[in-house]
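Only this structure's heavy atoms are used, side chains among them; waters, hydrogens and symmetry mates stay out. Because the structure is a prediction, the values reported are computed rather than measured.
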Amino acid sequence: MSIRHGLLALLERGPRYGSQLRTEFESRTGSTWPLNIGQVYTTLSRLERDGMVAQDGADDAGHDLYAITDDGRAELRNWFGTPVDRANPPRDELAIKLAMAVGAPGVDIRDVIQAQRHHTLKAMQDYTRLKAQALADVPANRDEVAWLLVVEQLIFQAEAEARWLDHCEARLVRLAEAAATEPTAGPGPAATRGPARLLAARPRARR
């Protein structure tokens, strides 16, 4: 997630101080990705170093204000105009966990899938409830609209994850069934690479 560009977007609306930026960022995203004040000031320091923000005096309460520069506006326009790169996707802990669970001694990957499915569906229900609350009244300002978009993305993401988990379980069942019909392999490396070795258990009915 680009905290850097998020802060630039907020600063384009006018000079802000650190804790104000944190509050507005969390309001816009519904606190889905909370920031600590240290992250905000570290990011502002780097933006200032790179010439994208500059200190702009202080407000009446003595808070140091930061303002976006022309270079910062150019960087922000470039960010908005450039698709998010999917060529190098971020590491996904769940995908790594399932990959490592395949054939791991003492681990039944189907139990891992079932536990994750339960958690994912619970999260999807929670997000759907938040969406219903957001739609109870027509969103009245840009922060409410932004939060609605964020929570809907979380719903779609949870739905996709649940479908993928169903696919993983079905894939394992098919591999186990195929392995059960294969002739027993003799000694040697090939005998250790088959689906039966990976699954190490017969398929069982979904709970």
*Asks:* Is there a side-chain contact between Glu24 and Arg16 in this structure, where contact means two heavy atoms from C-beta onward sitting under 4.5 Å apart?
*Replies:*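 They are in contact (side-chain heavy atoms under 4.5 Å apart), so the answer is yes.
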
*Asks:* Give me the atom names and distance for the closest heavy-atom approach of Ala101 to Val107.
*Replies:*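 Result for this residue pair: CB-CG1, 4.0 Å.
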
*Asks:* Could you pull out all donor-acceptor pairs under 3.5 Å where a side-chain atom in residues 135-153 meets a protein atom, sequence neighbours excluded?
*Replies:*
residue, atom, partner, partner atom, Å
Asn141, OD1, Asp143, N, 3.0
Asn141, OD1, Glu144, N, 2.9
Asp143, OD1, Arg28, NE, 2.7
Asp143, OD2, Ser27, OG, 3.2
Glu144, OE1, Ala140, N, 2.6
Glu152, OE2, Lys131, NZ, 3.4

*Asks:* Report the residue from Leu10, Ile37, Thr43 that forms a side chain to side chain contact (heavy atoms under 4.5 Å, CB included) with Leu21.
*Replies:*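 Of Leu10, Ile37, Thr43, side chain to side chain contact (heavy atoms under 4.5 Å, CB included) with Leu21 is met by Leu10 alone.
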
*Asks:* Can you name the nearest heavy-atom pair linking Leu35 to Glu26, along with the distance?
*Replies:*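 Of all heavy-atom pairs spanning Leu35 and Glu26, the closest is N-OE2, 2.9 Å.
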
*Asks:* Give the intermediate values and the outcome of side chain to side chain contact (heavy atoms under 4.5 Å, CB included) for residues Ile3 and Thr42.
*Replies:* CA-CA 11 Å; Ile3 298 172; Thr42 296; over 6 Å; no

*Asks:* Taking all atoms of both residues into account, what is the closest heavy-atom pair of Val40 and Leu7, and its distance?
*Replies:*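 Closest heavy-atom pair between Val40 and Leu7: O-CD1, 4.0 Å.
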
*Asks:* Might you point out which heavy atoms bring Gln39 and Pro34 nearest each other, and give the distance in Å?
*Replies:*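 The answer is OE1-O, 4.1 Å.
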
*Asks:* Name the one of Leu8, Asp50, Leu47 that satisfies side chain to side chain contact (heavy atoms under 4.5 Å, CB included) with Glu75?
*Replies:*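 With Glu75 as partner, Leu8, Asp50, Leu47 yield a single side chain to side chain contact (heavy atoms under 4.5 Å, CB included), made by Leu8.
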
*Asks:* List the atom of His5, the atom of Leu76, and the distance in Å for their closest heavy-atom pair.
*Replies:*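 In this case the closest contact between His5 and Leu76 is O-CD1, 3.7 Å.
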
*Asks:* Do any pairs count as a salt bridge (Lys or Arg N to Asp or Glu O under 4.0 Å) and have a residue in residues 56-70, sequence neighbours left out, and if so which ones?
*Replies:*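 Qualifying pairs, neighbours excluded: Asp70-Arg73.
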
*Asks:* Quick test of your reading of the model: are Asp166 and Arg163 salt-bridged, counting only N-O distances below 4.0 Å?
*Replies:*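 No, Asp166 and Arg163 are not salt-bridged.
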
*Asks:* After noting the C-alpha distance and the side-chain angles of Met124 and Glu161, does the key distance pass the side chain to side chain contact (heavy atoms under 4.5 Å, CB included) rule?
*Replies:* CA-CA 10 Å; Met124 188 164 59; Glu161 183 170 283; over 6 Å; no

*Asks:* Return the OH to OG1 distance between Tyr17 and Thr23, rounded to the nearest 0.5 Å.
*Replies:*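 These two atoms lie 7.5 Å from each other.
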
*Asks:* Any chain of hydrophobic side-chain contacts (each under 4.5 Å) joining Ile109 to Leu165?
*Replies:*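 Yes.
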
*Asks:* Pick one: which of Arg117, Arg174, Arg110 meets salt bridge (Lys or Arg N to Asp or Glu O under 4.0 Å) with Glu169?
*Replies:*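 The residue from Arg117, Arg174, Arg110 that satisfies salt bridge (Lys or Arg N to Asp or Glu O under 4.0 Å) with Glu169 turns out to be Arg117.
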
*Asks:* Please list all pairs meeting salt bridge (Lys or Arg N to Asp or Glu O under 4.0 Å) that have one or both residues in residues 78-99, counting only residues at least two apart or in different chains.
*Replies:*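 Listed by first then second residue: nothing to list.
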
*Asks:* Leu172 vs Ile113, test: side chain to side chain contact (heavy atoms under 4.5 Å, CB included). Steps then yes/no.
*Replies:* CA-CA 11 Å; Leu172 293 172; Ile113 290 172; 3.8 Å; yes

*Asks:* What verdict does the side chain to side chain contact (heavy atoms under 4.5 Å, CB included) test give for Tyr41 and Tyr66, after you've listed the backbone C-alpha separation in whole Å, the side-chain angles of each residue and the deciding distance to 0.1 Å?
*Replies:* CA-CA 10 Å; Tyr41 278 109; Tyr66 291 83; 4.2 Å; yes

*Asks:* For residues Leu98 and Cys168, report the shortest heavy-atom separation together with the two atoms involved.
*Replies:*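 Smallest interatomic distance, heavy atoms only, reads CD1-SG, 4.1 Å.
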
